[in-house]
Amino acid sequence: MERYNPQAIEQKWQKKWEQESVYKTEADPKRPKYYALEMFPYPSGNLHMGHVRNYSIGDVMARYKTMEGFNVLHPMGFDSFGMPAENAAIKHGVKPADWTLSNIANMERQQKSMGLSYDWDREVVTCKPEYYKWTQWLFELFYKRGLAYKKEASVNWCDTCGTVLANEQVIDGKCWRCDSNVHKKDLSQWFLKITDYADVLLKDLDKLPGWPERVKTMQRNWIGRSEGLEFSFDIPSMNDKVTVYTTRPDTAYGVTFLALAAEHPLVAKICETSDKKAEIEAFVQEVRNQSDIERTSSESEKKGINTGVTCVNPFNGKTVQIWVTNYVLADYGTGAVMGVPSGDQRDWMFAKKYDIPMILTIEPKDHHLDLATMTEAYTEKDGVLVNSAEFTGMEMHKAMAGIMDKAEKEGFGKRHVNYRLRDWLISRQRYWGAPIPVINCPHCGEVLVPEKDLPVMLPENVSFEQGSVSPLAQCEEFVHCKCPKCGADATRETDTMDTFICSSWYFLRYTDPRNAEAPFARDKVNYWAPVDQYIGGIEHAILHLLYSRFFTKVLHDAGLVGFDEPFHNLLTQGMVLKDGSKMSKSKGNVVSPEEIINKYGADTARLFILFAAPVDRDLEWSDQGVEGSYRFLGRVWRILSHFEEAIKVGKDSYDISALTEEEKGLRRILHVTIRKVTEDVRDRFMFNTAISSIMELVNAFYGFQDKAINDDLVREVAKNLLLLLAPFAPHITEELWSQLFAEGSVHQQHWPKYDEQALQQDEIEIVLQVNGKVRGKLSIDAGLDREAMQQAVLATPRAQELTAGKTIVKVIAVPKKLVNIVVKG
RNA sequence: GCGGAUGUGGUGGAAUUGGCAGACACGCUGGAUUUAGGAUCCAGUGCCGCAAGGCGUAUGGGUUCAAGCCCCUUCAUCCGCACCA
């Protein structure tokens, strides 16, 4: 046999697999299915190592499950709408579609060079009309179900991207994509009512044991459910009311002021009649000029202004001042907060600064507090009420319930659940996205584009000028249309949808990708979906994974799918690092997958990336490590070449009892390896240790390189070695399989099963300990029970020597492991 | 500040249920082969020590015959959330 030449064999097999449609899949209700999915990429132009890691993990699972007999769906596609294509158009004058499609072509080529087992016939590209038609159709479904609406709101605006952003896309006050500062703007925008699903999105996280705890925690925090009381203070001078929300109704008797957000509608109303109008408005302006980061930092100084207007605490009839402040959030709760300095640290600091009185209402159970000597608010969630009328003396949790009952009974308040989660802002003032299929008619108002007219196509001839308004809004032929209801002249919605909409349902489209009548057929989606194993980066813990769950639940409620969670199991892979930090152009530490594949082949690249670290941990790239993986594949090639004759003359079925002890030892290692690799891949995603155990098998095989060995055993070892390695290194195993076994593709063989008999040993080595310290190793009969083992060990010369002149206090024997002799003296 | 994760040789990492710490690999050292280099094959490689032996899984303590693993303390690094009333 020739030398291992990855470049030659990899291309050969990739071509052959494609010609013979080896990875094509069809739904087959008679067979158990397995849906393996990697997060589809944005077509930036080139694969990076993170992609290689992602796809390598997914490909191992898909190939392994196929060999286990599952009907496997393993598709790929492109999340191809978004800003970068438009930026390329602005900068270089290329059309976003051309830029995107040529990037896709290049990335597909790179993906194909990895030898991934995708069914390319199912490819989904979100920027193609055949796909975004259904994205628009789904928008209309949401609209019809009352889950899509337009409203005027204070929204996040990114100047650089020239568009609004969803809350989830603002990271530390900055744009998730371009990292520039985000500020608030009042605009009329489209939202999806994800808040209607807040509770079920939260609750159903408990139905996902196959998700990392970390991701579930992040989603729980993001949804941010809290229970409390909403109640109203009367404003006698204005004949009005102001409603507050609190999770600490037990402190309601300690209210000494009322705090409003600068944006609260009451502020403007107060200004209408107030003689402090100018002062208040100046303060409001100052607050609104602060950046989001400043405004929401707990470190910022708490400031406010007394409006001079007062309101009445319905619990105790006390009159308190209404303040406008910079620390109350306008869009959480009611935008108004009861101020209890003794029970809340923020209120404490505010009251200290402005000399607002305090009332103590909660004390610890074991001692009294004195406002005069306190240095901070008492915020423990444990204590007894004081100064609280009929609730004085009551334990705080009991009081909390009692106080809420009182508010509800007397009709000035109601128990209320609040969420941190906001509705999803989905309109974007950009061109390269799916147009929102809505027409604005002067007579009929908002009208959906009829289904027969979908998709609303993106026009091709638009101009891109940086800093201008959305190209779509400038495109006359796009904007002007007739109202589908009354036929009058009307205008189109010129905003497009957030690309996260496109990616919230793509995994369903894969099940029926060419359907022209519907987003997917019910039988197909219900056969293949939900996804059995989803694999991707942790960066989508909230964004994509929350949105996809939301979509799935809405589609479930609409009867389109028979399940209500999209991803059964989730694996969040670690990052690929170089020199301790994430690969990036600016750091100059990028390793190009294409170069690595050209130099060593895809099998080496895949093997290294799977071997170098557990899948969920960050992986440090090592050029020397890659060499090591390449060397290992060379070793596999050489040892099988060396045994070529034996493999070919060996028989598949043979008399195992004829093997020598040494040969039995090798056979035992083989079957231990089969067990280990199976369990590591199937149960634990421990690809690194699966590969290391295959390496041990190869090392053991080398031990017979210059020795006489049974041909049948050689054949058995070689065959199973290739089967075990096939999911990790698909090309080299296919090539060796075709040369040595020639029974069709190695990837269409059955996954090997280990032989329980082969694992048995007559003699085993156990450890001898004295007082817990290792003092020797002994070989004993494997069949001995605890008692017999103890006797056998104590009788050995080594044990005698170690215990001579000492009193044996106790002997602990662990079958097949060790004997520990506890001695004294 | 709150929540979560992680911490093991020179390096990446292994130890699945409390039972031989360091599998496998990188690197390094030596040997074989080779005109030479490379490649390959073999052996060695936690630290201290000539050895016997001792020490050793971030820190300090505890439980246990036995602890990387369980409990408590402290520290470090990373991630998420963060004026959410």
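As the structure is a prediction and not an experimental result, all values here were calculated from the model. Lettering follows sequence order; numbering is per chain, from 1.
- No side-chain donor from either of A:Tyr378 and A:Asp344 sits under 3.5 Å from a side-chain acceptor of the other.
- For the residue pair A:Trp222 / A:Glu168, a side-chain donor-acceptor distance below 3.5 Å is found, with atom types taken as modelled.
- Taking side-chain N and O atoms only, A:Arg214 has no distance below 4.0 Å to OP1 or OP2 of B:U6.
- In this model, no donor atom of one side chain and acceptor atom of the other lie less than 3.5 Å apart for A:Arg225 and A:Asn418.
- Under a cutoff of 6.0 Å and an axis angle of 45°, A:Lys707 and A:Phe704 form a cation-pi pair.
- Residues A:Gln219 and A:Arg549 have side chains that bring a donor and an acceptor to within less than 3.5 angstrom of each other.
- Between A:Thr217 and the phosphate of B:G80, there is no side-chain N or O to OP1/OP2 separation shorter than 4.0 Å.
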Annotated structure of RNA chain B as dot-bracket, pair cut-off 3.5 Å, Watson-Crick or G-U only, | for inter-strand, is (((((((..(((......[....)))((((((.......))))))(((....)))..(.(((..]....))).))))))))....
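- Within the 4.0 Å cut-off from OP1 or OP2 of B:A82, at least one side-chain nitrogen or oxygen of A:Arg420 is found.
- Side-chain to base pairing of A:Asn820 with B:C65: one donor and one acceptor N or O lie within less than 3.5 Å of each other.
- Comparing A:Asn771 and A:Arg422 by the nucleotide of RNA chain B whose heavy atom lies nearest to each, the residue mapping closer to the 5' end is A:Asn771.
- Here the side chain of A:Arg775 is nearest to one of B:A85, B:A23, B:G54, namely B:G54.
- Comparing B:C55, B:C65, B:C24 by their closest approach to the side chain of A:Ile812 singles out B:C65.
- A:Arg682 forms no cation-pi arrangement with A:Tyr64, by the criterion of a distance under 6.0 Å to the ring centre and an angle within 45° of the ring axis.
- With respect to A:Arg220 and A:Glu213, a salt bridge is recorded, a charged nitrogen being found less than 4.0 Å from a carboxylate O.
- B:G56 has its base anti relative to the sugar, with a glycosidic angle deviating from 0 by more than 90°.
- For B:C42, neither phosphate oxygen OP1 nor OP2 lies less than 4.0 angstrom from any side-chain nitrogen or oxygen of A:Tyr702.
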Report, as a single string ordered 5' to 3', how protein heavy atoms within less than 4.0 Å touch nucleotides 8-15 of chain B: B base, S sugar-phosphate only, - not at all.
----BSSS
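- Ring planes of A:Trp323 and A:Tyr354: tilted class, angle from 30 to 60°.
- Across all strands shown, A:Gly333 has no heavy atoms under 4.0 Å from either base or sugar-phosphate atoms.
- For the pair A:Gly772 and A:Glu765, both in contact range of RNA chain B, the more 5′-proximal nearest nucleotide belongs to A:Glu765.
- Comparing atom distances between the A:Arg638 side chain and each of B:A23, B:C83, B:U40 picks out B:U40 as nearest.
- A donor-acceptor contact under 3.5 Å links the side chain of A:Lys302 to the base of B:C83.
- Contact between the side-chain N/O atoms of A:Arg635 and the OP1/OP2 oxygens of B:C41 is found at a separation under 4.0 Å.
- Not a single ring pair (Phe, Tyr, Trp, His ring centres under 6.0 Å) links A:Tyr419 to another residue, sequence neighbours left out.
- Between A:Arg631 and the phosphate of B:C26, there is a side-chain N or O to OP1/OP2 separation shorter than 4.0 Å.
- Contacts of A:Arg675 with the nucleic acid, taken as non-hydrogen atoms under 4.0 Å apart, are absent.
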